[in-house]
Undergrad: 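What follows is a single structure, and I will ask about it in a moment.
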Protein chains: 2
Amino acid sequence: MADVAEKAGVSRALVSIIFRNQPGASEETRQRVLRVADEIGYRPDSAARLLARGRSRTLGVMFTVHQTFHTDLIEGIYAEVERLGYEVLLSGATPGRSEEKAVEALLSHRCEAVILLGSFAEPSLLEELGGRTVAVSVSRRVPHAHVDFVHTAEGKGVRQAMDHLVELGHRRIAHIDGGSGPGSAERRRAYRAAMRRHGLESEARVFPGDHTERSGIETGRLLLAERDQGNPLPTAVLAGNDRCAMGLLMTLTRAGVEVPRDVSVVGYDDSHLSHLMPIGLTTVRQDAGLMAECAVRFAVERLEKPELEPREAVLDPKLVVRGSSGPVPEPSA
Amino acid sequence: MADVAEKAGVSRALVSIIFRNQPGASEETRQRVLRVADEIGYRPDSAARLLARGRSRTLGVMFTVHQTFHTDLIEGIYAEVERLGYEVLLSGATPGRSEEKAVEALLSHRCEAVILLGSFAEPSLLEELGGRTVAVSVSRRVPHAHVDFVHTAEGKGVRQAMDHLVELGHRRIAHIDGGSGPGSAERRRAYRAAMRRHGLESEARVFPGDHTERSGIETGRLLLAERDQGNPLPTAVLAGNDRCAMGLLMTLTRAGVEVPRDVSVVGYDDSHLSHLMPIGLTTVRQDAGLMAECAVRFAVERLEKPELEPREAVLDPKLVVRGSSGPVPEPSA
DNA sequence: TACTCGTACTAGAGCGCGCTAGTAGAGCGC
DNA sequence: GCGCTCTACTAGCGCGCTCTAGTACGAGTA
């Protein structure tokens with residue numbers, strides 16, 4: 001920066017002004033300085049910039065590398081953040097890199113706020129985080145934490161899915177649980193409630209699982225094994241999310257069970273995977289773009305008015321009927 | 001930091017030493033300082049740390065948000081980077097955020113080196129980048145750029161896939177091109193060469209496309225339309241990558257074309273999607289973990305010995321035969 | 001006793017910016 | 001001529017840390 005200033009024959013301060021796009025420099029000098037900077041190959045150093053001004057205007061985003069729905073969210077986040085003149089830092093959690101580590105990385109890079117995409121972490125982590133900084137949790141509810149919360153009305157989505165299945169004549173509807181995954185508890189409760197409401201309480205069955213393909217595959221194997229021992233398959237399965245649904249779909253189809261002729265499968269998320277399966281996955285759509293927008297807006301608004309209390313945004317889910325759900329099978333002879 | 005120093009009754013410098021895990025502090029003081037820091041809630045500020053020491057020990061990773069293979073790579077990168085005592089900053093390219101922008105963000109955050117995952121960008125961007133910093137390109141070759149390069153032997157992978165198909169009796173084998181996607185040119189050339197080698201030159205057909213599901217879907221539609229006009233479908237298709245293969249698979253299956261009975265489909269990458277399809281995708285496996293490891297190692301080694309010339313790592317691909325490829329269909333009456 | 005040496009610690013410069021408080025000069029009304 | 005305002009620019013401190021060059025002191029050695 002000093003080099004640029006010298007070569008352009010101005011002070012460092014003026015170069016600074018120009019690079020911040022602030023008024024206070026003549027158009028002529030502005031052009032000259034920018035040209036010189038370009039020649040030298042100067043680029044402002046965010047670390048120093050960050051240090052010098054108190055604020056970093058940077059939002060940190062923690063996501064799970066393999067969660068396809070997160071990539072949809074990230075796309076929305078970039079768009080909205082840019083619109084508001086902030087920056088984004090991504091930090092991924094992987095099997096070998098805990099959420100805590102990912103978040104620490106963000107904080108130590110001076111993110112002013114942290115957006116957690118579908119965190120799986122201990123509630124205590126979020127509580128602590130909420131006390132320390134502005135935090136927004138997407139999908140994952142943490143009751144007493146000082147954290148903004150963006151999610152879809154899980155109950156509503158599940159209800160739509162269940163009504164759809166019941167309307168198609170299904171009674172033996174099973175649910176694969178999402179474990180500690182975001183929204184799982186609500187989905188499970190809503191599943192149970194819907195079964196009760198339709199008078200199918202005795203048919204309710206919840207399989208333990210999580211939000212990965214693996215749990216769908218495992219549940220599929222379990223169901224097949226049961227069938228081979230004479231227990232009928234459920235006629236429909238509400239999976240914990242799309243990935244889980246995909247795993248299940250694959251396992252069943254491979255074993256010769258036809259979807260939806262023999263079993264209907266419904267997912268959750270409408271990640272861009274869902275329309276990929278040959279038959280298309282019936283699923284509950286969460287609007288990733290809108291969720292991202294809300295999350296960013298919550299973070300930014302709270303940064304700019306620190307006295308604001310954390311808020312909650314509940315978006316409407318929408319059942320998308322594709323090929324993986326159909327009428328209940330004829331009772332085979 | 002000053003607060004910690006004061007409260008613990010030591011100098012700032014000593015606190016610094018302790019937080020850098022350097023020798024020069026007694027065990028007793030060390031414990032006391034760490035305890036005090038914890039009470040106050042102090043955490044070192046990377047921005048300042050970055051600024052103060054010349055080196056950031058940070059590698060920037062540019063990736064494409066929706067490219068599932070990239071998430072596999074990222075996982076490997078985190079692991080290797082941590083082992084070497086560096087940090088990672090991620091920056092995603094999306095439809096609304098160009099690669100150039102993503103890279104700029106990394107550089108301005110003082111990344112010492114940049115790893116580009118399957119860049120689609122203009123060669124000139126990479127050339128310029130290579131002149132400015134240590135850069136590693138994964139999958140995408142840029143002939144004259146001063147950039148390390150990690151990729152699999154595309155030609156070898158394609159050859160294995162083609163030999164596999166020919167062995168199964170296929171002759172009318174089409175290829176969906178990956179457009180400007182990384183490795184596409186090599187794959188296309190290898191496809192043509194293999195057709196020639198097997199004496200099938202006259203059957204060769206390359207469909208324009210890219211590395212997304214959409215191009216698979218579109219090619220699928222095109223093929224179906226041709227069939228309806230009386231032109232036979234190819235008996236096998238080598239897709240540009242897995243995502244493209246998935247799109248094709250979906251479109252064909254939906255239209256009642258059975259895979260692999262009517263058409264065999266082969267992908268490329270073996271991203272974790274591939275085993276998801278009900279029938280499993282036959283594909284050419286690239287070892288993401290190993291690629292990630294190489295890329296990180298190249299970057300770090302060149303950072304530590306700047307006189308080193310950029311290198312190239314060619315990894316062996318491996319054909320993984322799953323359910324989407326099978327013997328050539330009986331000629332239908 | 002005088003000297004090295006090693007350990008435990010400190011003073012203070014400087015990393016590359018942003019920002020506040022300032023100056024110099026041009027233009028204008030009276 | 002004076003004071004005023006406005007634009008274009010500058011001096012220099014400070015952000016929170018690292019790092020070099022030190023000091024203080026006790027133990028070991030001649």
Side-chain angles (χ1 to χ4, degrees), chain A residues 1-37 40-58 85-87 104-112 132-133, chain B residues 1-37 40-58 85-87 104-112 132-133:
Chain A
M1 177 152 156
D3 297 348
V4 176
E6 193 182 346
K7 199 165 171 195
V10 296
S11 69
R12 293 188 309 106
L14 194 59
V15 177
S16 169
I17 285 174
I18 290 169
F19 269 91
R20 277 176 291 140
N21 261 321
Q22 286 218 337
S26 66
E27 192 48 37
E28 191 194 328
T29 329
R30 201 174 282 270
Q31 293 307 327
R32 182 159 39 92
V33 168
L34 288 176
R35 208 181 49 240
V36 169
I40 295 191
Y42 164 82
R43 59 189 56 260
D45 178 329
S46 342
R49 177 172 270 184
L50 233 78
L51 189 58
R53 73 176 162 209
R55 301 196 43 189
S56 67
R57 295 189 72 83
T58 298
Y86 279 69
E87 283 194 72
E104 285 302 324
L106 291 174
L107 289 179
S108 83
H109 277 280
R110 284 201 161 212
C111 291
E112 297 179 23
R132 210 158 71 191
T133 182
Chain B
M1 177 152 155
D3 299 346
V4 176
E6 194 183 344
K7 198 163 171 195
V10 297
S11 69
R12 295 188 307 105
L14 193 59
V15 177
S16 169
I17 284 175
I18 290 169
F19 268 89
R20 278 176 292 139
N21 260 323
Q22 286 218 337
S26 66
E27 193 48 37
E28 190 194 328
T29 330
R30 202 174 283 269
Q31 293 307 328
R32 181 160 40 94
V33 168
L34 289 176
R35 206 181 48 238
V36 170
I40 295 190
Y42 164 82
R43 57 190 56 257
D45 177 330
S46 335
R49 176 173 273 183
L50 235 77
L51 188 59
R53 72 176 159 212
R55 302 196 44 189
S56 67
R57 296 188 73 84
T58 298
Y86 278 69
E87 282 194 70
E104 285 302 325
L106 291 175
L107 288 179
S108 83
H109 278 280
R110 286 200 160 211
C111 291
E112 297 180 23
R132 211 158 70 190
T133 181

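All values derive from a computational prediction rather than experimental measurement. Here is how names work: the chains are called A, B, and so on, in the same order as the sequence lines, proteins then strands, and each is numbered from 1.
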Undergrad: Would you mind reading off the distance between B/I18 atom CD1 and D/dG16 atom P, rounded to a whole angstrom?
TA: 20 Å
Undergrad: Rounding to an integer number of Å, can you tell me how far A/L51 CG sits from C/dC19 C1'?
TA: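 Taking CG of A/L51 and C1' of C/dC19, I get 13 Å after rounding.
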Undergrad: Tell me if the CD atom of B/E6 is crowded by more than 12 foreign heavy atoms within 6.0 Å.
TA: no
Undergrad: Does C/dG29 pair with anything, Watson-Crick or G-U wobble, both distances under 3.5 Å, and if so, with which nucleotide?
TA: D/dC2
Undergrad: Would you kindly compare B/A52 and B/A13 by the position of their nearest DNA chain C nucleotide and give the one closer to the 5′ end?
TA: B/A13
Undergrad: Can you check whether B/R55 has a side-chain N or O nearer than 4.0 Å to OP1 or OP2 of C/dC15?
TA: no
Undergrad: Think A/R53 has a side-chain N or O under 4.0 angstrom from the OP1 or OP2 of D/dC15?
TA: no
Undergrad: For the pair made of CZ in B/F19 and P in D/dC17, what is the distance, rounded to whole Å?
TA: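 Taking atom P of D/dC17 as the reference, CZ of B/F19 is at 9 Å.
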Undergrad: Side-chain contact, heavy-atom cut-off 4.5 Å: B/L51 with B/R110?
TA: yes
Undergrad: Please work out if B/R30 contacts a base, only the sugar-phosphate, or nothing of the nucleic acid, heavy-atom cut-off 4.0 Å.
TA: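 Nothing, no heavy atom under 4.0 Å.
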Undergrad: Starting at CZ of B/R110 and ending at C1' of C/dC15, how long is that distance when rounded to a whole Å?
TA: 7 Å
Undergrad: Using 0.5 Å steps for rounding, measure from the OH atom of B/Y86 to the CZ atom of B/R55.
TA: 4.0 Å
Undergrad: Determine the contact category for B/P23: base if any of its heavy atoms lies under 4.0 Å from a base atom, sugar-phosphate if only primed atoms, P, OP1 or OP2 are that close, otherwise nothing.
TA: nothing
Undergrad: In the structure I gave you, are the side-chain heavy atoms of B/F19 and B/L34 within less than 4.5 Å of one another anywhere?
TA: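 Touching, per the 4.5 Å side-chain cut-off.
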Undergrad: Taking the side chain as everything from C-beta on, heavy atoms only, tell me whether A/E112 gets closer than 4.5 Å to A/R57.
TA: yes
Undergrad: Nearest-Å distance, CZ (B/R12) to P (D/dT20)?
TA: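 Interatomic distance, CZ of B/R12 to P of D/dT20: 16 Å.
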Undergrad: Check whether more than 12 heavy atoms from other residues, nucleotides or ligands sit under 6.0 Å from atom CD of A/E28, and answer yes or no.
TA: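 Not buried by this count: 12 neighbours or fewer within 6.0 Å.
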Undergrad: Write down the distance between CD (B/Q22) and P (C/dT7), rounded to a whole number of angstrom.
TA: 15 Å
Undergrad: Under 3.5 Å, is there a donor on one side chain and an acceptor on the other for A/R30 and A/S26?
TA: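 A/R30 vs A/S26: no donor-acceptor pair found between side chains.
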Undergrad: Assess whether a salt bridge exists between A/R43 and B/E104, defined as any Lys/Arg side-chain N lying under 4.0 Å from an Asp/Glu carboxylate O.
TA: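 Yes, A/R43 and B/E104 are salt-bridged.
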Undergrad: Have a look at B/M1 and say if it touches a base, only the backbone sugar-phosphate, or nothing, with a 4.0 Å heavy-atom cut-off.
TA: base
Undergrad: In whole angstrom, what separates B/R20's CZ from D/dC19's C1'?
TA: 7 Å
Undergrad: Write down the distance between CG (A/D45) and P (D/dC15), rounded to a whole number of angstrom.
TA: 18 Å
Undergrad: Reading nucleotides 21-27 of chain C 5' to 3', which nucleotides get B (base under 4.0 Å from a protein heavy atom), which S (sugar-phosphate only), which -?
TA: -------
Undergrad: Is any side-chain N or O of B/T29 closer than 4.0 Å to OP1 or OP2 of C/dC9?
TA: yes
Undergrad: Tell me whether the side-chain N/O atoms of B/S11 come closer than 4.0 Å to OP1 or OP2 in C/dC9.
TA: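 For B/S11, the contact criterion (side-chain N or O under 4.0 Å from OP1 or OP2 of C/dC9) is not met.
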Undergrad: So, is A/S26 near the phosphate of D/dC9, with a side-chain N or O under 4.0 Å from OP1 or OP2?
TA: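 Answer is yes, contact under 4.0 Å.
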